[in-house]
Amino acid sequence: MYQVASNLLTYHELFLPGQRDPLILLQNLLDAGIFSNYVMYQSENEVRIAGNALAEISVSSHDVSIAFMGEIKSEPVADPLKQVELALASLPIENWTAYGYVGFDVARFYSSYSKAIEQPLLYFLVPETELFITPRGVHIRNIKSPTKILEALSLDNKLKDYVATPPVVDFADKEEYQNQVGELIQAIQSGDLHKAIISRSVKVKGDMDLFGTYVLGAKNNNCARSYCLRVGEVSAVGFSPEILMEVSADGFVVTNPLAGTRPRSENLSEDVQLESELFTDAKEVKEHALSIWLAQSEMAAVCLPESLRIFDFMQVKQYRCVQHLSSRIGGQLKGEKTLWDALKVLFPGVTVSGIDKHKALKWIENLEKEPRGIYAGGIGWVNSNGMADIAIAIRSAYQYGDRVYLNAGAGIVAESIPENEYVESVNKMNTMLTNLVLKSP
């Protein structure tokens, strides 16, 4: 969309040694009004905070748009992931990283799924300011003067206290959800498909305290990736156990499906018993094995055949409310393939869609009343060096306009029991429901 410029915009870089609390730092930045739009993204080794948009790329139901230096360009949407790749590549910015989300509803351009939220289905910002916070210190990348950032770093404030204000959920959808699961089980048993993930949605009118919800959630949940973002009318906070895609600088791709679930128990012996059931329950083992099989098949389309491998097969990952079977699949991208090709074959994740994926998406379209929006899509970052880190957007809360949404689903196979699947969805939703902070009206 932009001609490659000879004079690229470059970031000024600065490193400040010493440990700092990322939450207090973000709190200071927000209190000072330094960031309007921002993304906070935490992985094992670092926390990233990206603030204020230097460039923005978004996808609606009709258009792909890019905004840069006060200029907005749009084109009709056709193959949005490829169009976004080309749009980002055209930006005259050196060593950029783009932060944001790919909503589940992007699947409408690649399948029979057709639902869509009114807000952008995909959104990435290339920030004016990036902070990389590690145990060694804070690495700052900034287009403008870092004076205000340095002032925020110097403040010795304490983290504010927050109290959860979870809405009352009456579980009135129990019968309807179990009927949907029963209908799907019949289709699976008749051979129409192997598996599908059917989700529930709870919608609450109100304004989520995004930062407060993240602070409480971070205290009470362990996860593979966590995030807190506010971009326009869309906000999200979550604690995802599952990585959709990591891509290293040399083009090695890893995906980490979690499939097979049991609740956690405060009683140690009961918790151990529930963990053992993950290996003895045929339904859980089958659900996991099918997911790994499909993810490996998808990776084969973009990776060198001899490079494909499975790591850490059927490990148990334990989180506050639930525990899962986990495996990792990795492979080296073929020479002509990019992270966007990998994303296209892996998206949406097998553990939030189903097997056969296209048939599962048709069932999701028919059974679920609401568009999924960001839920079950991906949140994370991509960069100009071909690297990516994208988590599946689950165990999260989303703000669209004046409504807060919580979603949770369960993987349905032939051996599923409708009541058990409903309970599983309740346990998953509790990850965010019990930590939700709503602002006073």
Side-chain angles (χ1 to χ4, degrees), residues 104 177-178 180-200 224 240-244 255-264 271 273-299 310-319 321-329 346-364 367-368 372 375-376 391-395 407-429 431:
F104 184 92
Y177 182 79
Q178 291 181 179
Q180 290 174 339
V181 171
E183 184 180 349
L184 181 58
I185 290 171
Q186 288 183 351
I188 293 170
Q189 290 175 342
S190 67
D192 187 48
L193 72 168
H194 293 291
K195 171 187 173 182
I197 289 74
I198 300 302
S199 69
R200 299 167 46 238
S240 176
E242 189 166 356
I243 299 165
L244 174 63
T255 187
N256 180 204
L258 305 184
T261 305
R262 278 290 185 270
R264 298 300 305 278
D271 198 49
Q273 172 61 31
L274 289 166
E275 178 183 349
S276 69
E277 288 176 9
L278 286 168
F279 299 98
T280 58
D281 188 315
K283 181 264 179 186
E284 306 298 343
V285 173
K286 177 181 178 180
E287 182 183 347
H288 188 80
L290 284 171
S291 299
I292 301 309
W293 168 75
L294 179 58
Q296 188 176 23
S297 300
E298 291 173 336
M299 295 269 282
I310 297 175
F311 308 89
D312 309 323
F313 183 61
M314 287 183 66
Q315 283 191 344
V316 175
K317 296 284 183 72
Q318 294 183 317
Y319 300 99
C321 297
V322 292
Q323 48 193 325
H324 301 286
L325 289 174
S326 164
S327 298
R328 297 164 65 233
I329 303 107
L346 291 170
F347 188 87
V350 59
T351 56
V352 289
S353 53
I355 308 168
D356 163 279
K357 188 176 284 187
H358 285 280
K359 288 183 178 179
L361 287 167
K362 187 177 293 185
W363 277 94
I364 291 168
L367 293 178
E368 295 185 12
R372 286 190 172 184
Y375 167 69
I392 294 184
I394 52 177
R395 319 292 151 80
N407 309 75
I412 312 305
V413 295
E415 295 80 7
S416 291
I417 299 170
E419 186 173 359
N420 292 352
E421 304 302 342
Y422 183 80
V423 171
E424 178 178 321
S425 74
V426 170
N427 289 330
K428 290 175 177 177
M429 191 176 288
T431 299

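Note: hydrogens, waters and symmetry copies are ignored here, and every other heavy atom, side chains too, is used.
- The shortest distance between side-chain heavy atoms of Ile364 and Ile198 falls below 4.5 Å.
- Remark: Arg328 engages Asp312 in a salt bridge (Lys or Arg N to Asp or Glu O under 4.0 Å) (not counting sequence neighbours).
- Nearest heavy-atom pair, Glu368 versus Ile197, reported as atom, atom and distance to 0.1 Å: OE2-O, 3.8 Å.
- Side-chain contact between Glu424 and Val322 is absent, with no heavy-atom pair separated by less than 4.5 Å.
- Rounded to the nearest 0.5 Å, atoms CD1 (Ile394) and CD (Glu242) are 5.0 Å apart.
- Using a distance-only test at 3.5 Å, with no hydrogens or angles considered, a donor-acceptor pair links the side chain of Thr255 to the main chain of Leu244.
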- Item | side chain to side chain contact (heavy atoms under 4.5 Å, CB included) assessment of Ile392 paired with Phe104 | CA-CA 10 Å; Ile392 294 184; Phe104 184 92; over 6 Å; no

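- Put simply, the side chain of Leu193 reaches to within 4.5 Å of the side chain of Leu184, judged on heavy atoms.
- Heavy-atom neighbours of Ile417 CD1 from other residues, nucleotides or ligands within 6.0 Å: at or below the threshold of 12.
- Taking NZ of Lys317 as the reference point, atom OG of Ser327 lies at 9.0 Å (rounded to 0.5 Å).
- Put simply, CG on Leu290 and CG on Leu294 are 9.0 Å apart, with the number rounded to the nearest 0.5 Å.
- The distance from the OG1 atom of Thr280 to the CD atom of Gln273 is 7.0 Å, given to the nearest 0.5 Å.
- Listed by first and then second residue, the side chain to side chain donor-acceptor pair (under 3.5 Å) pairs involving residues 407-419 are Lys286-Glu415, Ser416-Glu421 (not counting sequence neighbours).
- With sequence neighbours left out, the salt bridge (Lys or Arg N to Asp or Glu O under 4.0 Å) criterion links Glu277 to Arg262.
- Applying the ring pair (Phe, Tyr, Trp, His ring centres under 6.0 Å) rule to Tyr177 yields the partners Tyr422; only residues at least two apart in sequence or on another chain are considered.
- For the atom pair Ile412 CD1 and Ile185 CD1, the distance stands at 6.0 Å (nearest 0.5 Å).
- With rounding to the nearest 0.5 Å, the separation of CG in Leu278 from OG in Ser326 is 11.5 Å.
- With contacts defined as side-chain heavy-atom distances shorter than 4.5 Å, the pair Val423/Pro263 does not qualify.
- In terms of modelled atom types and a separation under 3.5 Å, the side chain of Lys428 and the main chain of Gly409 share a donor-acceptor contact.
- When every heavy atom of Gly354 is checked against every heavy atom of Ala360, the shortest pair comes out as CA-CB, 3.6 Å.
- Scored by the side chain to side chain contact (heavy atoms under 4.5 Å, CB included) test, Ala259 finds Lys195, Glu287, His288, Ser291, Thr351 as partners (sequence neighbours excluded).
- The two residues Met299 and Ile329 come nearest to each other via the heavy atoms CE-O, 3.5 Å.
- Although no hydrogens or angles enter the test, the distance criterion places no donor-acceptor pair under 3.5 Å between the side chain of Ser425 and the main chain of Ala410.
- Between His194 and Trp293, the ring planes lie perpendicular to each other; the angle is over 60°, past the 30° to 60° tilted range.
- Closest approach of Lys283 and Val413 over heavy atoms only: CG-CG2, 3.4 Å.
- The heavy-atom pair separating Ala295 from Pro257 by the smallest distance is CB-CG, 4.0 Å.
- Thr261 and His324 get closest at one heavy-atom pair: OG1-ND1, 3.0 Å.
- For residues 353-363, the set of pairs meeting the side chain to side chain donor-acceptor pair (under 3.5 Å) definition, not counting sequence neighbours, comprises Asp192-Trp363, Glu298-Lys357.
- Taking the side chain as every heavy atom from C-beta outward, Asn256 and Phe311 never approach each other to under 4.5 Å.
- Under the 3.5 Å distance criterion, the side-chain polar atoms of Glu275 are left unmatched by any main-chain donor or acceptor of Gln323.
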